[in-house]
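Reading through the structure tokens given below for one structure.
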Amino acid sequence: MSEHEATRRSPLHDEHVALGAALTDFAGWQMPLRYGSDVAEHTAVRTAAGLFDLSHMGELWVTGPGAGDALDRALVGNLTALAPGRARYTMICAPDGGVLDDLVVYRLADDDAGARYLVVANASNVAVVRAALAERFAGRDDVTLADRSFETALVAVQGPRAEEIVVGLVDDASEADAVRALKYYASVPARVVGIDALVARTGYTGEDGFELFVPAEQAPTLWRAILAAGTPLGLVPAGLSARDSLRLEAGMPLYGNELDTTTTPHDAGLGRVVKLDKVDAEGAPLPFVGREPLAARAASAPARTLVGLQGLSRRAARHGYPVVTGSGAVVGTVTSGAPSPTLGHPVAMAYVTPEVSAEGTDLAVDVRGRHEPVRVVPLPFYRRER
Amino acid sequence: MTDLPADLKYTLEHEWLTDGSPATVGITSVAAEALGDIVYLELPAVGETVDAGTVIGEIESTKSVSELFSPVSGTVVEVNTAAVDDPSVVNGDPFGAGWLLKVDVTDVGPLLTAEEYAAHAAG
């Protein structure tokens, strides 16, 4: 089978084509890269709202009376401590502590069969995460794993006008109030333009916003309703290009760039997601995959650390470019970089040695043979006003 | 794809140029669309000599960066400073206001007609 035939289409593919999107192959999916101007899409999310198709993301359901305990042993986070209706950013690590994927886990209201968790994985890692969870759940009859990635569509509405747009499309007044009252990293089921949706206040842009999980076949109806309601308020459809520049400004890691199997959560400055204090029902330390190496990593001085770099010239550092000192010594590698549409100068994230990681340190990046000056700055580059 | 002006010549590297000398050089609508929003142009200085087929500049968008190849040999006699100041004109009007430089031509590299270039860009 050729690569083209293997490429999966989003349930919203026809909408993207009708909108004139430039499509790109991303993790085995054909997804919109941009609809028109990617900078205009980026700016719309910062100032009004953007509508994203994220149907390529993986949706793995973990349910049953033992679901929380099974996830506590499989992931680095503490999921039994997660209250129904709330969500957590967490990771799944290999036995050596390397990151297999970063995840958002939503806990829904329990049902008669026990607890219900929705694990959202990156498209490129769904198969790895599914296989790792299946292996880690093996032998348990108190937890069920179901991959509903292909039957689930995910659309995100992100930006300062997102609440107004999404709340206005909720059918029932009390559910609309519940959506409006949602805290960051919380979710609630609601009927939206006649569609049973899970509405979550999560995102990957640094703005307020919502993500809506809906049955794939109903995604076009939802998409068109959001466009119709949002367009007068400045909402535009936004592609993966804007998604990447938005998350970079917000200092959020991208698997494959800042995170991979050779990286621990601590390397990426995300050691806080590793809950070494997890305990079992008897109060004994809970064994979870990667625990020993991650405990050792947490207690030792890091060999490298993730920093933000502000470009002081106009040429942007890009993924893979070497970070150098004034004398030309290589002290790190850029993981992500681009001209920041919001800030007007290049920004980058990079792994560097600890000696050069202090805020204000002047370094350079080898941009195709020329050293461009950069300065270590705190992450994120952009933080919205609240 | 935007219509390709039939009176221009094209290169495999997605540049266009006018006949004669000095020749006006730019990038095609195909290249501009593939790059996305262009935010930075690095062009040679006026008076610099350029060789056909060599890298003479960079075109940077939010998403990627692309090298600019000279379709001709000769001396740069003018650069589009308006496009350097506001590279969005290259996206908006790649065959017009978004031209990049003018070169006093001494030699010409391999060129394509609009029809040949369209076939190349489609393939």
Side-chain angles (χ1 to χ4, degrees), chain A residues 20-24 26 31-46 236 238-249 254 257 311-321 334 336-348 365-370 372 381, chain B residues 1-3 13-14 27-45 48 50-51 53-70 79-94 96-98 100-101 118 121-123:
Chain A
L23 299 169
T24 186
F26 183 79
M31 297 301 292
L33 180 64
R34 69 177 79 86
Y35 298 84
S37 154
D38 37 36
V39 171
E41 292 165 20
H42 179 115
T43 304
V45 173
R46 290 275 179 256
V236 299
L240 292 178
S241 179
R243 182 168 160 85
D244 191 42
S245 52
L246 289 159
R247 71 93 196 166
L248 173 59
E249 287 183 346
L254 171 64
N257 287 32
L312 303 178
S313 68
R314 290 182 66 178
R315 296 169 82 231
R318 303 282 179 171
H319 176 75
Y321 289 5
V334 173
S336 298
S340 160
T342 307
L343 303 172
H345 57 71
V347 295
V365 173
D366 185 338
V367 178
R368 300 179 294 282
R370 231 162 57 209
E372 301 291 345
F381 302 105
Chain B
M1 193 187 303
T2 342
D3 286 340
E13 309 290 352
H14 305 283
I27 63 165
T28 68
S29 52
V30 178
E33 278 167 32
L35 276 165
D37 287 330
I38 297 165
V39 296
Y40 176 57
L41 291 174
E42 187 169 274
L43 299 176
E48 223 172 284
V50 294
D51 294 319
T54 62
V55 174
I56 56 166
E58 286 180 353
I59 304 163
E60 183 146 25
S61 69
T62 49
K63 198 68 190 156
S64 62
V65 61
S66 162
E67 290 175 322
L68 177 67
F69 292 84
S70 184
V79 298
N80 186 352
T81 51
V84 172
D85 290 343
D86 178 13
S88 68
V89 301
V90 180
N91 290 108
D93 189 9
L100 298 178
L101 61 154

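Proteins get letters first, then strands, A, B, ... in listed order; numbering begins at 1 in each.
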Residues A:R368 and B:E67 bridged, charged N to O under 4.0 Å: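 The answer is no: the pair does not qualify as a salt bridge.
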
Pairing of A:R370 and B:E42 as salt bridge, 4.0 angstrom limit: yes

Checking heavy atoms, do the side chain of [X], its backbone, both or neither come under 4.5 Å from chain B?
X: A:R314; result: both
X: A:P341; result: side chain
X: A:A22; result: neither
X: A:S245; result: neither

Side chain / backbone / both / neither for B:I38 at chain A, heavy atoms under 4.5 Å: neither

Contact class of B:S88 relative to chain A, heavy atoms under 4.5 angstrom: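 For B:S88, no heavy atom lies under 4.5 Å from chain A.
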
Non-hydrogen atoms of A:R315 and B:E60 that approach each other most closely: CA-OE1, 3.7 Å

For the student: nearest non-hydrogen atoms of A:R318 and B:S64, plus distance: NH2-O, 3.4 Å

Qualifying residues under ring pair (Phe, Tyr, Trp, His ring centres under 6.0 Å), relative to B:H14, sequence neighbours excluded: B:Y117, B:H120

Contact residues of residues 31-40 of chain A (partner chain B; heavy-atom separation under 4.5 angstrom): A:L33, A:R34, A:S37, A:D38, A:V39, A:A40

